[in-house]
Amino acid sequence: MPKSSSHGSPSSATQNTKTSSSWPLNILFFTILVPVAAAILLYQLDSFDPAPYPLHELSHRVTSASKRNAQMLKGSEFLGVGALEGPEDVAYDSKSGVIYTGCADGWIKRVKLNESAADSVVENWVNTGGRPFGLAHEHGGKLLVADGEKGLLRIDENGAVELLTDESEGVKFKLTDCVDVAKDGMIYFTDASYKHRAENTYWDYLEGRPHGRLLSYNPFTKETKVLVHDLYFANGVAISPDQNYLIFCETLMVRCRKYYLQGEKKGSIENFIDNLPGSPDNIRYDGEGHYWIALAMGTSSITKLTFRYPFVRKVLAIMEKYKLSSPYKEKNSGVIAVNLDGEPTAHYSDPALSLITSGIKIGNYLYCGSVLYPYIIRLDIEEHPAHITT
């Protein structure tokens, strides 16, 4: 009987070699090529069709302030910790020393300011039953509320809520966002989007289409009028100290624009400041020659790509639909101060901050609201100033 060999025959060795060499190809096919092919097919079949943004309307240089504090959380204090759920806007009543803010639970809360942040007292005042965003005090003491779900509201000193308007030109407001009032009593406000509600604002950005409006409400005639159509997420509103114009923020176009209320230019629009280093939200005038514009997130390579290329936004939309992790992150949020000529003078931000939606200077402090945090941020800008950048 012949001895059995410990080595396989040449034919079996060749077969084993072929089998083993095919494994990398199989792995490549199933781990890379198949997912890529599936993604391409999904992209082609998906009906989402984002539009290009009008980039030609913007200047080519990103606006930057001469002074910067890029770590504003160092030295910041937190007011109303745990008692304020997403305090989106901050409206200050100088007579009472109280900040009014609208929260995600529907409550408009009053925060009594003290030297010590820990001693600031939070009071539940009125619940609108909706989502209060922008706030402004009328000259008679009543509070105007841009409620994202209800419309434009007025609340008197006793807490009685009155609906002023919730539609214009037969189109309901989907996201009443910000409000200010002129000395003559005229009310100016924004409907950020007539298509998407607050929980779906991301889709406004991805679509790249102008669904926002700037409006006025005449409290004497009860007339609601659209002043400007086709805005890319109309947001903050602030009337100039001379009452000749107002500034409104157009979040998705990273700019603020000037709308003339009086004079030869009445009804016309021009840029106030554009190519901001972030997405503008609320804007407030401090009575000292500066507007304070909240930047909900800073610009980044990802935001620049998505802003410029619709196909990138379509990819992000597909990822959103299928609950996939998105590279789109809201970081480097903060507030930028701009003088009456539209020139930025100081920028406060922090890499760890997200979705700062309002900011106002009161005395030596900068107060910031947010839809994310359960408190108001306060920074002493005398002790922690912005410094000249090199």
Side-chain angles (χ1 to χ4, degrees), residues 88-91 102 128 130-138 143-154 163-169 171-182 186-201 203-205 207 209-219 223-240 245-261 267 269-274 276 279-285 291-296 355 357-360 369 371:
E88 199 268 353
D89 192 15
V90 285
T128 67
R131 195 351 173 162
F133 287 122
L135 308 174
H137 285 96
E138 284 189 299
L143 185 71
L144 297 170
V145 181
D147 191 295
E149 298 176 8
K150 300 293 185 178
L152 182 65
L153 310 178
R154 174 190 280 146
L163 173 65
L164 298 181
T165 179
D166 62 357
E167 67 174 282
S168 184
E169 299 179 345
V171 180
K172 286 277 190 179
F173 308 150
K174 282 289 182 69
L175 183 46
T176 321
D177 205 347
C178 295
V179 61
D180 201 3
V181 58
M186 283 292 291
I187 299 167
Y188 299 92
F189 66 104
T190 54
D191 179 25
S193 174
Y194 61 76
K195 183 176 182 180
H196 296 291
R197 294 200 177 277
E199 61 271 19
N200 294 317
T201 54
W203 289 101
D204 245 308
Y205 176 70
E207 286 183 21
R209 291 182 172 82
H211 301 133
R213 300 179 288 176
L214 173 68
L215 306 101
S216 66
Y217 176 79
N218 188 323
E223 179 189 13
T224 304
K225 183 179 179 180
V226 179
L227 303 177
V228 186
H229 295 84
D230 301 327
L231 297 175
Y232 291 87
F233 206 86
N235 212 319
V237 181
I239 297 170
S240 66
Y245 61 88
L246 61 79
I247 306 296
F248 67 90
C249 299
E250 202 172 2
T251 302
L252 303 185
M253 287 294 288
V254 292
R255 68 184 175 189
C256 299
R257 304 170 80 184
K258 182 184 291 187
Y259 178 87
Y260 284 92
L261 302 172
I269 304 171
E270 62 185 46
N271 270 359
F272 177 66
I273 184 171
D274 71 357
L276 285 159
S279 304
D281 203 290
N282 279 301
I283 177 173
R284 286 196 171 273
Y285 181 65
Y291 296 102
W292 293 80
I293 304 169
L295 302 177
L355 300 176
T357 49
S358 59
I360 183 62
V371 292

(message) Just verifying a value: how many Å separate Cys178 SG and Ile283 CD1, rounded to the nearest 0.5 Å?
(response) 10.0 Å

(message) I'd like to know if the side chain of Asn235 and the backbone of Cys249 have a donor-acceptor N/O pair within less than 3.5 Å.
(response) no

(request) First locate atom NZ of Lys172, then atom OG1 of Thr165, and finally report the distance between them rounded to the nearest 0.5 Å. (result) 8.5 Å

(message) When you measure from the side chain of Arg284 to the backbone of Asp89, do you find a donor-acceptor pair of N or O atoms at a distance under 3.5 Å?
(response) no

(message) Using a 3.5 Å distance criterion without hydrogens, assess whether the side chain of Ser240 forms a donor-acceptor pair with backbone atoms of Tyr245.
(response) yes

(request) Supply the atom-to-atom distance Ile360 CD1 to Tyr285 OH, rounded to the nearest 0.5 angstrom. (result) 10.0 Å

(request) Measure the shortest side-chain to side-chain distance between Tyr205 and Thr251 over non-hydrogen atoms and say whether it is less than 4.5 angstrom. (result) no

(request) Return the minimal non-hydrogen interatomic distance between Leu276 and Cys256, and the atom names on each side. (result) CD1-SG, 4.0 Å

(message) Rounded at 0.5 Å granularity, tell me how far OG1 in Thr224 sits from CD in Glu169.
(response) 10.5 Å

(request) Show your reasoning for whether side chain to side chain contact (heavy atoms under 4.5 Å, CB included) applies to Val181 and Met186. (result) CA-CA 6 Å; Val181 58; Met186 283 292 291; over 6 Å; no

(request) Report yes or no: does Asp191 contribute a side-chain atom to a donor-acceptor pair with the main-chain N or O of Leu175 at less than 3.5 Å? (result) yes

(message) Check this for me: Lys150, atom NZ, are more than 12 non-hydrogen atoms of other residues, nucleotides or ligands nearer than 6.0 Å?
(response) no

(message) Before we go on, tell me: are the rings of Tyr188 and Phe248 under 6.0 Å apart, centre to centre?
(response) no

(message) Please find the pair of heavy atoms, one from Glu138 and one from Ile187, that lie closest to each other, and give the distance.
(response) OE2-CD1, 4.0 Å

(message) If you apply the rule side chain to side chain contact (heavy atoms under 4.5 Å, CB included), what do you find for Leu144 with Tyr217, and how did you get there?
(response) CA-CA 11 Å; Leu144 297 170; Tyr217 176 79; over 6 Å; no

(request) Would you check if the side chain of Ser358 reaches a backbone N or O of Glu88 as a donor-acceptor pair within less than 3.5 Å? (result) yes

(message) Under a 3.5 Å distance rule, please check whether Thr176 uses its side chain to pair with a backbone N or O of Gly148 as donor and acceptor.
(response) no

(request) Can you see which heavy atom on Arg197 is nearest to which on Phe173, and at what distance? (result) NH1-O, 4.4 Å

(message) Under a 3.5 Å distance rule, please check whether Asn282 uses its side chain to pair with a backbone N or O of Thr357 as donor and acceptor.
(response) yes

(message) Please give me the minimum heavy-atom distance between Ser193 and Asp204, naming the atom from each residue.
(response) OG-OD2, 2.7 Å

(request) Scan Glu207, Lys174, His211 and name whichever one has a side chain to side chain donor-acceptor pair (under 3.5 Å) with His196. (result) Glu207

(request) Give the minimum heavy-atom separation between Leu153 and Asp147, together with the two atoms involved. (result) CD1-CB, 3.9 Å

(request) Considering non-hydrogen atoms only, spot the tightest contact between Leu231 and Arg213 and give its length. (result) CD1-C, 4.0 Å

(request) Calculate, to the nearest 0.5 Å, the distance between atoms CE and CZ belonging to Met253 and Arg255 respectively. (result) 4.0 Å

(message) Thr190 and side chain to side chain contact (heavy atoms under 4.5 Å, CB included): which single residue from Leu214, Asp180, Val179 fits?
(response) Leu214

(request) Before accepting this row, confirm whether a basic side-chain N of the pair Glu149/Arg131 lies closer than 4.0 Å to the acidic partner's carboxylate O. (result) no

(message) Distance check, rounded to the nearest 0.5 Å: Leu164 atom CG versus Arg154 atom CZ?
(response) 5.0 Å

